[in-house]
Amino acid sequence: MIDGMNAEVALFREGVLVFRVTRVAGMRDDWAAILGRVIETTWESIESPYCRNTLADAGKYAGLTLPQETEPVRKPFVGTVVLGTEEERTEVLEALRKVYTST
């Protein structure tokens with residue numbers, strides 16, 4: 001859920017979708033209670049502090065107060081965009097792969 005947008009809950013049993021609903025969470029409706037339970041159960045099941053903190057933030061829309069955890073410092077992320085034809089992109093990416101895996 002992002003900033004009060006729709007939330008979707010899907011329940012699968014043995015790989016088969018048995019229940020799916022999408023709604024906006026209101027702080028005092030039945031959907032908020034259901035969504036709150038889903039968020040809380042997920043929060044309890046996940047070890048990643050990044051995911052748990054995001055769930056804690058989303059839980060506020062369903063009236064939950066879950067603790068925030070201290071997040072480890074993340075490694076800096078560097079993105080690379082390679083423009084050109086598929087053949088050109090493949091060539092450049094392969095050259096980069098060779099350089100960075102040989103060091």
Treat each ILVMFWY residue as a node, draw an edge where side-chain heavy atoms are under 4.5 Å apart, and state whether [X] and [Y] are in one component.
{"X": "Leu93", "Y": "Tyr100", "answer": "yes"}
{"X": "Phe19", "Y": "Val16", "answer": "no"}
{"X": "Leu66", "Y": "Tyr50", "answer": "no"}

Can you confirm whether more than 12 heavy atoms, excluding those of [X], are under 6.0 Å from its [atom1] atom?
{"X": "Glu8", "atom1": "CD", "value": "yes"}
{"X": "Glu94", "atom1": "CD", "value": "yes"}
{"X": "Glu69", "atom1": "CD", "value": "yes"}
{"X": "Glu44", "atom1": "CD", "value": "yes"}

Open item on the list: Is any side-chain heavy atom of Gln68 closer than 4.5 Å to one of Asp57?
Closed with: yes
- [ ] Flag the pair Val21 / Ile34 as yes when at least one side-chain heavy-atom distance between them is below 4.5 Å, and no otherwise.
- [x] no
Open item on the list: Restricting to side chain to side chain contact (heavy atoms under 4.5 Å, CB included), what partner residues turn up for Val92, sequence neighbours left out?
Closed with: Val82, Leu96
Using 0.5 Å steps for rounding, measure from the [atom1] atom of [X] to the [atom2] atom of [Y].
{"X": "Asn53", "Y": "Trp43", "atom1": "CG", "atom2": "CH2", "result": "9.0 Å"}
{"X": "Thr42", "Y": "Arg52", "atom1": "OG1", "atom2": "CZ", "result": "11.0 Å"}
{"X": "Glu71", "Y": "Ser48", "atom1": "CD", "atom2": "OG", "result": "7.5 Å"}
{"X": "Ile39", "Y": "Lys60", "atom1": "CD1", "atom2": "NZ", "result": "12.0 Å"}

Task: Closest contact, heavy atoms only, Pro67 versus Ala56 - done: O-CB, 4.0 Å
Open item on the list: Can a donor-acceptor pair be found, under 3.5 Å and without considering hydrogens, that links the side chain of Arg89 to the backbone of Gly84?
Closed with: yes
